[in-house]
Number of protein chains: 2
Amino acid sequence: MNISDVAKYAGVSKTTVSRVLMNSGLVKVETRDKVLKAIREMNYVPNTSAQMLAKKHNKIIGVICGYDVSDPFFGAMNNYIFDACRKCGYLALFASSNGESDGCDDEIAMLYGKVDGYILCGQKNNLPKNVEKIIDMKMPVALFKIKYVKKGAISVDIDNRKGGELAAEYLYGKGYRKIGYMGSVQSGFQESCERHDGFAEALSQHGLKIKMYFEAKRDNRTAYKFADKVIKSGVDAVFCDTDMMAYGLVYALQKKGISIPKDIAVLGFDDVHFLNFEPAVLLSTVSQPMQKMASCIVKAIIGKIEDDIPYGESQVFDCRIVERETT
Amino acid sequence: MNISDVAKYAGVSKTTVSRVLMNSGLVKVETRDKVLKAIREMNYVPNTSAQMLAKKHNKIIGVICGYDVSDPFFGAMNNYIFDACRKCGYLALFASSNGESDGCDDEIAMLYGKVDGYILCGQKNNLPKNVEKIIDMKMPVALFKIKYVKKGAISVDIDNRKGGELAAEYLYGKGYRKIGYMGSVQSGFQESCERHDGFAEALSQHGLKIKMYFEAKRDNRTAYKFADKVIKSGVDAVFCDTDMMAYGLVYALQKKGISIPKDIAVLGFDDVHFLNFEPAVLLSTVSQPMQKMASCIVKAIIGKIEDDIPYGESQVFDCRIVERETT
DNA sequence: TTCTGTATTGAAACCGCTACCATTTAGAAG
DNA sequence: CTTCTAAATGGTAGCGGTTTCAATACAGAA
């Protein structure tokens, strides 16, 4: 069943049916109703590929994620992106490279022709090359939470440095003076470096230094193992620049009988909803406006797709402290 | 740039290029090489929509999930499905209804025309109606881990009852005799009911009964709150029919100074990899062969899509015990 | 040399929809 | 009752592939 059948049934031309379908507005009201009735009665759904072929786009945005989606933080992130797309009538087609492959050439190729634009998120190798490639293909690209500014590519991120400052100010304000930092600066995680810099700088404004730095991976497993070192270091608060770390640490400290936040306070970063199950770990954290950010990037890329709107190339969002029970 | 350009460049007809593209085999070797060379040199990629329009399919499978994807178990599940699709040259297009809406009519409609078949997974309302609807649309449907058998719909699941039995036998074998059960039988979760039945039955074979039943939601939060009740009940082991529950319980018990498994053993169900971070909670559990299952369902539905292969309508997999440190 | 059969190739129709342009219709103005 | 203009509708050419069917080439057989 196709548009011609509907046209025949409604006693009009294909063109008119198409116009009704597209809400083009130049159809007499009664004709429109006749067509709509036919569509309803025949249970007709237009063929997406044909539309795409004619219109040159799909209403699908490709999302290439360089992370493990079973990590609640990223799972939630994908959800936000999905919802933002849906609100605009788009679908999100996810492809995860799991950060394994060298770059994400495969993923880009897999999605090519099926999507109207690409959102890249998470850590990946060869990022510049990949972005370049997508731009060469004349496809819209947007970078979500990636530190890389490139003319022609939309970019949405938080101000990590400011986030770090915020954390430091907060802990200082609460009276903590022997403050530790857990992050992944040495392994070169940009976001960690920036948060660290902001944090250190803000502390130094108060004449303080980071009492002890703990280099961990960005997960709960390694953070967990640091419990003893943290205790021995004599800090009264630790800022973990990822909730997953904070979470692992809190868990380990609690198990060792440390009272949180009385003995040691813990502050996270990300606000991973899934982890904050009452009453176990009501983690204090630096929260990112993920929903707004997702909505922003999706709208920007759709603007680019549909109207080639010149968008603000780079959007930076602020974080805020969410005080719960670990500080 | 399109197939005609390539044809012109290579000095052959569109048809020949198309044949090369499709590996149809009726092209002379040297012609084929010529065409391949042209394709390579021009960096040509065929237009997916056009292919789809002509061939009648997309190489995309729609996955409608009625759960929260930021739950690590489901996040991982989606990953397995994605990988299985990719191995077969397909893409998975996820749409999550988050179990909120009445059924998943919206999701089915959103994906219509973009996908070659549907995989439904997770709890949802109005399941039979939705399955019926998809069958009426003449689209392949497959049900993943859903208890509903319908002629015309592929179904892949584990044997939950047997899983329950396995758990009981295992705990009994380890010498536990005062065994508790935490599940969602009263709220009517099919999978929980079946696991519970199998568990209870296997215990009764040994002249035992479930010492205490705890009705919880299928997450860590509520399970956490049961710690006191569990302790007071005097059990020496608890079988939680979901890892998330087991996890919440273990956490709470440890925090209260209970030694696991010496004082109380805990056995989970699902084998959620993400939660098993060393050395915090190395949860003993009933593991499902998720990877195999995902691969099975994807192959079945692709068979249906491509060759209308009469597939085994219903596949049931077995679980196995994974012993770690909580038993 | 001519004929027959098979291996290659190409022309054109088609997939279902949109977009451009032409045509018809209706209503207002003269 | 024309004439003119704007609104409504229809015809048809793409979009970029695949597929059917016909045409050609070439080999071996008669």
Side-chain angles (χ1 to χ4, degrees), chain A residues 1-39 42-60 89 112-116 137-139 305-307, chain B residues 1-39 42-60 89 112-116 137-139 305-307:
Chain A
M1 198 210 337
N2 58 28
I3 201 172
S4 300
D5 299 328
V6 178
K8 216 171 295 169
Y9 185 87
V12 297
S13 73
K14 281 171 37 168
T15 311
T16 301
V17 176
S18 174
R19 276 200 267 263
V20 170
L21 245 36
M22 306 184 69
N23 269 317
S24 87
L26 350 97
V27 180
K28 215 200 292 178
V29 176
E30 45 185 301
T31 313
R32 212 180 66 113
D33 292 345
K34 209 165 53 180
V35 172
L36 286 177
K37 184 161 158 279
I39 289 177
M42 305 183 71
N43 227 320
Y44 164 74
V45 181
N47 178 305
T48 320
S49 318
Q51 284 184 317
M52 159 87 182
L53 184 57
K55 286 204 298 201
K56 309 286 190 190
H57 57 257
N58 259 342
K59 298 227 162 195
I60 302 186
Y112 184 76
K114 304 191 202 282
V115 302
D116 305 328
M137 306 186 317
K138 311 239 179 292
M139 281 273 161
I305 290 167
E306 294 188 348
D307 311 303
Chain B
M1 197 211 338
N2 57 28
I3 201 172
S4 301
D5 299 328
V6 178
K8 216 170 294 168
Y9 185 87
V12 297
S13 72
K14 281 173 34 168
T15 312
T16 301
V17 177
S18 174
R19 278 200 265 264
V20 171
L21 245 35
M22 304 185 70
N23 270 317
S24 87
L26 342 103
V27 180
K28 215 201 294 180
V29 177
E30 45 185 301
T31 313
R32 212 180 67 112
D33 292 345
K34 209 165 54 181
V35 171
L36 286 177
K37 184 159 158 279
I39 289 177
M42 305 181 72
N43 226 320
Y44 164 74
V45 180
N47 178 303
T48 319
S49 317
Q51 283 184 316
M52 158 85 181
L53 184 57
K55 286 205 296 201
K56 309 289 189 187
H57 59 254
N58 260 340
K59 297 227 162 197
I60 301 185
Y112 184 78
K114 304 192 200 281
V115 301
D116 305 327
M137 305 184 320
K138 311 239 179 293
M139 282 273 161
I305 290 167
E306 295 187 347
D307 310 303

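The chains referred to below are lettered A, B, ... by the order of the sequence lines, with proteins before strands, and numbering in each begins at 1. Only heavy atoms go into these numbers, but all of them, side chains included; no hydrogens, no water, no symmetry mates.
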Original post:
Does A:Ser18 place a side-chain N or O at less than 4.0 Å from the phosphate oxygens OP1/OP2 of C:dT18?
Top reply: yes
Subject >> Phosphate OP1/OP2 of C:dT18: any A:Gln51 side-chain N/O under 4.0 Å >> reply: yes
Separation of atom [atom1] in [X] from atom [atom2] in [N], rounded to whole Å:
X: B:Leu53; N: C:dA13; atom1: CG; atom2: P; result: 17 Å
X: B:His57; N: D:dT19; atom1: NE2; atom2: P; result: 10 Å
X: B:Asp5; N: D:dG16; atom1: CG; atom2: P; result: 9 Å
X: A:Leu21; N: D:dT9; atom1: CG; atom2: C1'; result: 16 Å
X: B:Met52; N: D:dT18; atom1: CE; atom2: P; result: 14 Å
X: B:Lys56; N: C:dC15; atom1: NZ; atom2: P; result: 7 Å
X: A:Met1; N: C:dC15; atom1: CE; atom2: C1'; result: 16 Å
X: A:Lys14; N: D:dG14; atom1: NZ; atom2: P; result: 14 Å

Original post:
Which part of the nucleic acid does A:Thr16 contact within heavy-atom distance under 4.0 Å: base, sugar-phosphate only, or nothing?
Top reply: sugar-phosphate
**OP:** Pick base, sugar-phosphate or nothing for A:Val17, based on heavy-atom distances below 4.0 Å to the nucleic acid.
**Re:** nothing
Original post:
Among D:dT18, D:dG10, C:dA11, which nucleotide sits nearest the side chain of B:Ser13?
Top reply: C:dA11
**OP:** Look at the side chain of B:Thr31 and decide which nucleotide, out of C:dT9, C:dT18, D:dG17, has an atom nearest to it.
**Re:** C:dT9
Original post:
Do you know the tightest heavy-atom contact between A:Ala10 and A:Lys34?
Top reply: O-CE, 3.5 Å
Subject >> Contact nearer the 5' end of DNA chain D, comparing B:Val45 with A:Lys28 >> reply: A:Lys28
